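Small disclaimer: the values here were computed from a predicted structure and weren't measured.
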Amino acid sequence: MSAIASNLQAVRSRIAKAAIDAGRLPGEIALLAVSKTWPAACVIAANQAGQRAFGENYVQEAIDKARATVDLDLEWHFIGPLQSNKTRLIAENFAWVHSIERIRIAERLSAQRPNN
């Protein structure tokens with residue numbers, strides 16, 4: 001087992017225990033793996049270990065990784081500070097944005113979303 005797979009297994013075990021301790025089902029909890037600064041090969045290894053959702057805060061780095069992993073069923077989340085000049089790239093390449101601070105940015109993302 002790779003170190004990435006082993007680490008993911010350990011985190012999932014801790015999440016499951018915490019969920020049970022809180023009276024919740026472990027399946028109700030989703031793990032978002034932050035892949036910033038990690039190469040696409042590590043994203044692929046994590047996906048092979050069952051991880052699907054990845055968080056990034058560098059737009060271009062995330063787009064490069066998304067292109068390198070286009071054949072995988074991954075869900076990309078933008079988790080960093082959002083610059084208004086990057087909204088189109090973010091709208092086109094991320095399923096989720098976790099860092100919206102202004103209604104104007106939310107409106108731009110919504111308008112720029114593909115198939116909108």
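- Minimum heavy-atom separation, Phe94 to Phe78: CD2-N, 3.4 Å.
- Residues near Ile20 contribute nothing to a hydrophobic cluster around it, because no ILVMFWY side-chain heavy atom sits closer than 4.5 Å to its side chain.
- Considering only residues two or more places apart in sequence or on other chains, Glu61 meets the salt bridge (Lys or Arg N to Asp or Glu O under 4.0 Å) condition with Lys65.
- Listed by chain and residue number, nothing satisfies the salt bridge (Lys or Arg N to Asp or Glu O under 4.0 Å) test with Asp71 (two or more places apart in sequence, or in another chain).
- Through chains of ILVMFWY side-chain contacts below 4.5 Å, Ile79 is grouped with Leu32, Val34.
- In this view, Gln48 and Ile44 satisfy the side-chain contact (heavy atoms from CB on, under 4.5 Å) rule, not counting sequence neighbours.
- The line from CD1 of Ile90 to CD of Gln112 is 9.5 Å long, rounded to the nearest 0.5 Å.
- For residues 22-55, every residue pair satisfying the ring pair (Phe, Tyr, Trp, His ring centres under 6.0 Å) rule, not counting sequence neighbours, is listed here: Phe54-Trp76.
- Residues satisfying the side-chain contact (heavy atoms from CB on, under 4.5 Å) test with Asn93, not counting sequence neighbours, are Ile63, Leu89.
- Shown here are the side-chain hydrogen bond (donor to acceptor under 3.5 Å, both in side chains) partners of Arg104, two or more places apart in sequence or in another chain: there are none.
- Rounding to the nearest 0.5 Å gives a distance of 4.5 Å between CG of Leu74 and OG1 of Thr69.
- Within the structure, the salt bridge (Lys or Arg N to Asp or Glu O under 4.0 Å) test picks out the following pairs touching residues 22-31 (sequence neighbours left out): Arg24-Glu28.
- Taking Gln9 as the reference, Met1 meet the side-chain contact (heavy atoms from CB on, under 4.5 Å) condition, with sequence neighbours excluded.
- Atoms OG and CG, from Ser13 and Leu8 in turn, are 10.5 Å apart once rounded to the nearest 0.5 Å.
- The salt bridge (Lys or Arg N to Asp or Glu O under 4.0 Å) pairs that include a residue from residues 37-55 are Arg52-Asp73, Arg52-Glu75, where partners are two or more places apart or lie in different chains.
- Atom-to-atom distance recorded for Gln51:CD and Leu72:CG is 12.5 Å, nearest 0.5 angstrom.
- Across Ser84 and Ile105, no two heavy atoms sit closer than the pair CB-CD1, 3.6 Å.
- Scanning both residues, Arg12 and Ala49, for their nearest heavy atoms gives NH1-O, 3.1 Å.
- Once rounded to the nearest 0.5 Å, the distance linking CD of Glu56 with NZ of Lys36 reads 9.0 Å.
- Scanning all heavy atoms of the two residues, the minimum distance from Ser99 to Pro81 falls at OG-N, 4.4 Å.
- Scanning all heavy atoms of the two residues, the minimum distance from Gly80 to Asn57 falls at CA-CB, 3.2 Å.
- A distance-only check finds no donor-acceptor pair linking the side chain of Thr87 to the backbone of Arg108 [under 3.5 Å].
- Not counting sequence neighbours, the partners of Ile15 by the side-chain contact (heavy atoms from CB on, under 4.5 Å) test are Val11, Ile29, Leu31.
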